J.: 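Below you'll find the structure I mean.
Residue numbers start from 1 in every chain, and the chains themselves are labelled A, B, ... in the order their sequence lines are given, proteins ahead of strands. Fair warning: this is a prediction, and the values are worked out from it, not measured in the lab.
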Protein chains: 2
Amino acid sequence: MTQTLTKSEATSGRIIAAARTLFVARNYADVTTDMIARTAEVTKGGLYHHFPSKERLYLSMMLDDLERKRLLFEKATTSPGSCRDRLSRLTRDFLELPREDRELTRLVRRDINTFSGEERDLLVRAYQRALPEQVETIIDEGIKNGELAPGDARILSWSFVALVEVVIGEYADHVYGSTQARLGHVVDLFFDGAGTPPTGGTL
Amino acid sequence: MTQTLTKSEATSGRIIAAARTLFVARNYADVTTDMIARTAEVTKGGLYHHFPSKERLYLSMMLDDLERKRLLFEKATTSPGSCRDRLSRLTRDFLELPREDRELTRLVRRDINTFSGEERDLLVRAYQRALPEQVETIIDEGIKNGELAPGDARILSWSFVALVEVVIGEYADHVYGSTQARLGHVVDLFFDGAGTPPTGGTL
DNA sequence: GATAAAACCGACCGGTCAGTCGGTCGGTAT
DNA sequence: ATACCGACCGACTGACCGGTCGGTTTTATC
């Protein structure tokens with residue numbers, strides 16, 4: 001029966017959940033395996049029964065999360081509508097995620113220097129597949145069909161992602177009351193810019 | 001004589017320089033005081049003769065750097081010309097900095113969780129004074145004189161800074177050959193957006 | 001060249017933390 | 001009942017690292 005979790009799966013799940021919460025709140029180095037274990041209500045021995053190392057635990061948590069995000073954003077990418085519509089949908093999907101899920105996306109940039117070699121690559125690739133590449137696909141099509149001005153799709157996708165990250169910051173919370181307002185800021189700024197038209201304004 | 005450094009100043013300078021290079025390359029926790037000392041060609045005892053703690057060393061380095069940047073960007077902020085001209089000048093000044101100086105600006109965001117209390121506040125305030133507040137001042141005036149559409153100046157300034165950070169990344173290096181191209185991307189995208197005009201394109 | 005202060009050294013300490021390991025316990029198949 | 005197994009425990013270890021301190025060298029000053 002798929003709805004019944006084994007004891008092992010339940011414990012692993014608690015450990016992953018504890019790791020998520022703690023790693024979002026503090027740097028990788030400042031979160032101890034003891035803290036994670038206590039939060040998950042197991043001992044350190046129990047934690048190491050399920051995960052071979054602190055790095056692998058972090059990686060498992062991030063990789064799982066990024067794969068779920070990739071699947072979510074893929075729906076927006078492959079949905080019908082204009083480039084602007086699809087970018088809006090993807091951004092809305094992201095903004096409507098619980099806070100912890102949104103914050104997790106920033107962790108990759110913050111903690112990337114902690115890893116090296118294969119583990120670093122895994123993390124970077126999973127992140128790129130989850131978010132920037134989805135945006136890039138949409139933008140690429142937007143350029144091809146003339147909805148967007150010609151340019152490097154990758155740089156544009158990173159620019160777009162950077163703008164999204166701005167409106168999920170702390171200060172933004174007290175400026176924008178709704179997801180809709182945040183969404184408007186990002187999409188309008190990206191497509192239309194912040195400037196007023198140079199030739200004959202409305203005033 | 002101002003051109004002659006005392007031994008003490010020379011050594012402090014070497015330590016600061018070593019710290020800069022190492023902290024840019026690795027997380028705060030992954031850089032040991034021993035590494036810094038060896039790179040600066042002193043011993044740990046020598047390092048602690050000049051700085052009271054690892055945190056204070058990091059703080060000294062960042063605060064010095066951010067104050068120099070503030071003075072640099074202030075020139076652009078108070079220079080004559082349109083909002084667009086002054087933002088261009090500020091961005092150009094930033095992009096023409098040596099790589100290490102540019103990367104340092106990103107460290108504040110990366111390492112901010114390492115600190116708490118007064119030290120954290122010092123760091124955040126110095127960063128904001130150095131870059132986002134300069135941009136905000138320019139944008140605020142741009143909104144007042146109609147060059148920019150109405151909006152929250154602070155969110156707009158953070159958006160602008162976020163776009164600048166995109167074009168100093170690794171991938172951007174191989175897309176853009178020149179500072180001028182990077183500058184164009186940021187300023188054009190911010191003012192005009194990436195979209196094509198909806199009413200009667202040029203084709 | 002005597003003297004004092006500043007600069008510098010490096011062995012050492014105390015604490016922390018990732019990871020280990022021998023062992024316990026509850027379930028389950030035989 | 002017995003044998004077995006995966007889950008879990010928690011005391012322990014070994015390495016590392018920030019910071020200290022008594023002592024030595026260099027520099028500045030008269």
J.: For a quick test of reading the model: is some side-chain N or O of Thr33(A) closer than 4.0 Å to OP1 or OP2 of dA18(C)?
T.: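 It does, given that an N or O in the side chain of Thr33(A) lies less than 4.0 Å from OP1 or OP2 of dA18(C).
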
J.: Just by distance, no angles: are the side chains of Thr196(A) and Glu147(B) close enough, under 3.5 Å, to form a donor-acceptor pair?
T.: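 Judged by distance alone, the side chains do not pair up.
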
J.: Under 3.5 Å, side chain of Arg26(B) to main-chain N/O of Val31(B), donor-acceptor pair present?
T.: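 Absent.
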
J.: Atom CD of Glu41(A) and atom P of dA7(D): how far apart are they, to the nearest Å?
T.: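 Spelled out: CD on Glu41(A) to P on dA7(D) is 19 Å.
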
J.: Nearest whole Å is fine: how far is dG15(C) C1' from Lys54(B) NZ?
T.: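 One finds 15 Å between C1' of dG15(C) and NZ of Lys54(B), rounded.
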
J.: Rounded to the nearest angstrom, tell me the gap between atom CE in Met35(B) and atom P in dC16(D).
T.: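 Checked: the CE to P distance equals 11 Å.
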
J.: Counting the atoms with a prime plus P, OP1 and OP2 as sugar-phosphate, which does Thr43(B) contact under 4.0 Å by heavy atoms, base, sugar-phosphate, or nothing?
T.: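 The answer is base, as Thr43(B) lies within the cut-off (heavy atoms under 4.0 Å) of a base atom.
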
J.: Nearest whole Å is fine: how far is dC13(C) C1' from Asp34(B) CG?
T.: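 After rounding, the reported distance stands at 15 Å.
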
J.: Can you figure out which of dC9(D), dA7(C), dG10(C) approaches the side chain of Val42(A) most closely?
T.: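 For Val42(A), the side-chain atoms sit closest to dC9(D).
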
J.: Answer yes when Arg20(B) and Asp65(B) have at least one side-chain N-carboxylate O distance shorter than 4.0 Å, and no when they do not.
T.: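 Salt bridge flag = yes for Asp65(B) with Arg20(B).
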
J.: Quick one: is His49(A) getting a side-chain N or O under 4.0 Å of the dC8(D) phosphate, OP1 or OP2?
T.: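 Indeed not, no polar side-chain atom of His49(A) lies that close.
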
J.: Identify each atom pair where a protein N or O and an N or O of nucleotides 20-28 of chain D are less than 3.5 Å apart, giving names and distance.
T.:
none

J.: In whole Å, I'd like the distance from the CG atom of Leu22(B) to the C1' atom of dG18(D).
T.: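 Atom CG in Leu22(B) sits about 16 Å away from atom C1' in dG18(D).
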
J.: Test the Arg84(B)-Phe191(B) pair against the cation-pi criterion, namely NZ or CZ under 6.0 angstrom from the six-membered ring centroid and within 45° of the ring axis.
T.: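 Cation-pi check for Arg84(B) and Phe191(B): passes.
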
J.: If you look at every heavy atom in Ala130(A) and Phe73(A), which pair is closest and at what distance?
T.: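 Taking Ala130(A) first and Phe73(A) second, the nearest heavy atoms are O-CD1, 3.1 Å.
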
J.: Given atom CZ of Arg56(B) and atom P of dG19(D), what is their separation to the nearest angstrom?
T.: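 In whole Å, dG19(D) P lies 12 Å from Arg56(B) CZ.
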
J.: Atom CD1 of Ile36(A) to atom C1' of dG10(D): distance rounded to whole Å?
T.: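 Whole-Å distance recorded here is 17 Å.
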
J.: Find which nucleotide of DNA chain C each of Val31(A) and Leu47(B) is nearest to by heavy atoms, and output the residue with the more 5' nucleotide.
T.: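 Per heavy-atom nearest nucleotide, the more 5' residue is Leu47(B).
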
J.: Any side-chain N or O of Thr11(B) below 4.0 angstrom from OP1/OP2 of dA7(C)?
T.: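 Answer is no, no contact under 4.0 Å.
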
J.: Under 3.5 Å, is there a donor-acceptor pair between the side chain of Arg110(B) and the main chain of Arg110(A)?
T.: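 Checking the backbone N and O of Arg110(A) against the side chain of Arg110(B), no donor-acceptor pair under 3.5 Å is found.
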
J.: Mind checking if Ser8(A) touches a base, just sugar-phosphate, or nothing, with heavy atoms under 4.0 Å?
T.: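 The answer is sugar-phosphate, as Ser8(A) gets under 4.0 Å only of primed atoms, P, OP1 or OP2.
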
J.: Take atom CD of Glu55(B) and atom P of dG19(D), then tell me their distance rounded to the nearest Å.
T.: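 One finds 8 Å between P of dG19(D) and CD of Glu55(B), rounded.
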
J.: Check Lys54(A), Arg125(A), Arg56(A) against Glu119(A) for a salt bridge (charged side-chain N to carboxylate O under 4.0 Å, His left out) and give me the one that passes.
T.: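 Among the candidates, only Arg56(A) passes.
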
